[in-house]
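Just so it is clear: chains get the letters A, B, ... in the order the sequence lines come, proteins before strands, and each one is counted from 1.
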Amino acid sequence: MAHAHSHDAAHDHHDEKPTGIKRWLFTTNHKDIGTMYLVFSLIMFFLGGAMALAIRLELFQPGVQFFDPAFYNQMLTNHALVMIFGAVMPAFVGLANWMIPLQIGAPDMALPRMNNYSFWILPFAFAMLLSTFFQPGGGPAAGWTMYPPLVLQGGNSFPFMIFAVHLMGASSIMGAINVIVTIMNMRAPGMTLLKLPLFCWAWLITAYLLIAVMPVLAGAVTMLLTDHFFHTSFFNPAGGGDPVMYQHIFWFFGHPEVYILILPAFGIVSEIIPTFSRKPLFGYDAMVYATASIAFLSFIVWAHHMFTVGMPLAGQLFFMMSTMLIAVPTGVKVFNWTTTMWRGSLSFEPPMLFAIAFLFLFTIGGFSGLMLAIAPADFQYHDTYFVVAHFHYVLVPGAVFAIMAGVYYWLPKWTGHMYDMKLANWHFWLSTISVNVLFFPQHFLGLAGMPRRIPDYNVQFTDWNVVSSIGGFVFGFSQLLFAYLIWKCVREGQKATAEVWDAKPAGLEWTVPSPAPYHTFDEAPEVR
Amino acid sequence: VATDVNDRSDVGSRRARARRMSVVLALVAASFYVGFILMQVMGKH
């Protein structure tokens with residue numbers, strides 16, 4: 001990473017900021033907007049987590065004990081929508097808002113007013129989605145995939161859900177445009193593309209993915225809307241339409257979406273591992289090309305989600321092979337992270353602990369993904385808890401752990417305080433142990449044939465469900481430590497230095513004081 | 001997109017380039033939206 005000189009010490013007097021509610025409503029400051037995204041995502045994480053706990057409570061024992069099956073379906077659907085679009089994606093956008101300008105030496109995002117709009121759309125979108133719980137018929141219950149014809153029977157909640165999804169998509173597209181325009185136009189002099197921090201690279205590629213696929217989701221749900229209210233027949237066989245076509249369109253969005261949820265995580269981990277290994281990242285260029293390759297391949301694998309729908313043998317072979325091909329660039333990344341640590345002078349601060357856990361546990365999710373890529377095997381695994389275990393390994397100890405690693409890495413830079421390391425270690429160990437207790441048994445349940453998306457099950461599945469639910473409750477309540485730790489760090493703590501970590505992290509963000517002043521890089525730094 | 005990162009003097013042209021790039025990206029997104037719907041409308045049934 002290049003070294004840089006910052007002139008910010010001379011600009012500390014620029015740190016005046018507006019106060020009161022207007023600061024947050026009308027702000028165009030990337031740090032304020034980043035903070036709002038992160039707080040919003042934490043709230044959504046707890047809301048989606050509460051729904052997950054409701055699901056695990058119901059599944060603690062066979063039989064229907066706590067919730068009506070229709071309400072269970074609503075919990076399941078909204079858990080996914082809230083976690084994907086409300087927790088994980090906004091958390092990455094929040095980190096992007098905070099860190100991209102600081103990492104490229106820019107004073108702010110390129111389109112600050114649009115940045116404000118793209119955040120403030122989100123609370124309205126989720127208020128609309130979640131308000132359906134208080135309407136007759138309750139919330140949407142057809143799963144986050146919204147397959148017709150089931151979703152068309154959704155009652156009052158259906159148009160609310162569709163409009164909410166449109167708003168979330170618009171917010172994501174605006175955020176993506178902002179990221180691309182910022183990185184392409186506002187880099188400090190001397191910062192060529194191949195000197196860009198990997199978090200920025202990962203986000204740049206993610207932003208292109210977002211622009212390509214969020215409109216496809218919007219198109220799909222618009223067609224659902226017109227099928228329901230305007231008597232079109234896009235997905236209705238009685239009028240010449242095809243419900244399977246919806247699945248193709250949805251997954252043309254859905255698979256790149258998986259990478260939208262994981263590529264920024266790769267970027268975060270690529271920042272943390274070199275710092276706490278006290279070595280430069282092994283194979284920087286290869287990491288960039290691997291990220292771009294994963295993004296490209298994500299467009300040609302979508303039908304592996306629908307092997308069981310039926311498709312020609314050539315189609316099955318194509319989608320099976322292309323899916324397996326993704327293991328190559330992903331393997332390059334895992335190899336490079338491991339090689340960065342090899343013979344490094346490692347230390348195990350909380351960000352590094354979460355990054356190492358990510359490395360191991362995301363790889364488990366990757367391996368089970370390879371198992372699912374094998375078409376004949378997928379016929380057995382499809383719609384079982386094996387799939388649930390697979391994508392939760394990718395998204396929880398994968399994406400969510402990377403977000404936590406990022407928060408633990410940059411939190412002192414944001415607040416100006418070091419956080420309680422002991423508490424952070426407790427949070428790490430409780431989370432890492434319990435997340436495995438929660439999700440690993442779900443592999444066994446799936447292989448034994450337990451179907452997903454059901455509130456009741458055969459008694460033979462009881463034992464592992466009990467274990468999984470216990471893990472779920474421990475994991476869920478452990479996250480309260482995380483919230484408390486952040487709250488405590490904002491209020492008090494040992495003063496953080498500009499570099500924060502003894503490991504001497506590289507990057508422009510460590511050249512500004514902690515907490516980062518309200519306005520940074522009024523004068524562009526020189527990158528050598 | 002070519003970006004002259006060393007050019008600090010021409011703020012105006014950089015601003016214009018940023019605006020142009022945002023419009024192009026928004027149009028790409030809009031064309032994906034319309035394109036996928038049109039593909040369905042015009043497909044054989």
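In this structure, OG in S22(B) is found 10.0 Å from CD1 in I180(A), a value given to the nearest 0.5 Å. With rounding to the nearest 0.5 angstrom, the CG atom of L25(B) is 10.5 Å from the CG atom of N178(A). With values rounded to the nearest 0.5 angstrom, M223(A) atom CE is found 5.0 Å from Q40(B) atom CD.
Residues M186(A) and R14(B) share a closest heavy-atom pair of CA-NH1, 3.7 Å. Listed here is the closest heavy atom pair of A18(B) and V181(A): CB-CG1, 3.5 Å.
There is a side-chain donor-acceptor pair under 3.5 Å between N185(A) and R17(B).
Side-chain contact between I211(A) and F32(B) is absent, with no heavy-atom pair separated by less than 4.5 Å.
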Could you tabulate the donor-acceptor pairs under 3.5 Å formed by side-chain atoms of residues 247-254 of chain A, not counting sequence neighbours?
unit_1: H248(A); atom_1: ND1; unit_2: W302(A); atom_2: NE1; d: 3.1
unit_1: W251(A); atom_1: NE1; unit_2: Y147(A); atom_2: OH; d: 2.7

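Using a 4.5 Å cut-off between heavy atoms, L217(A) makes no contact with chain B at all.
Between chain B and the residues T232(A), T226(A), V216(A), I173(A), the largest count of heavy-atom pairs under 4.5 Å involves V216(A).
Other residues, nucleotides and ligands place more than 12 heavy atoms under 6.0 Å from the CZ atom of F229(A).
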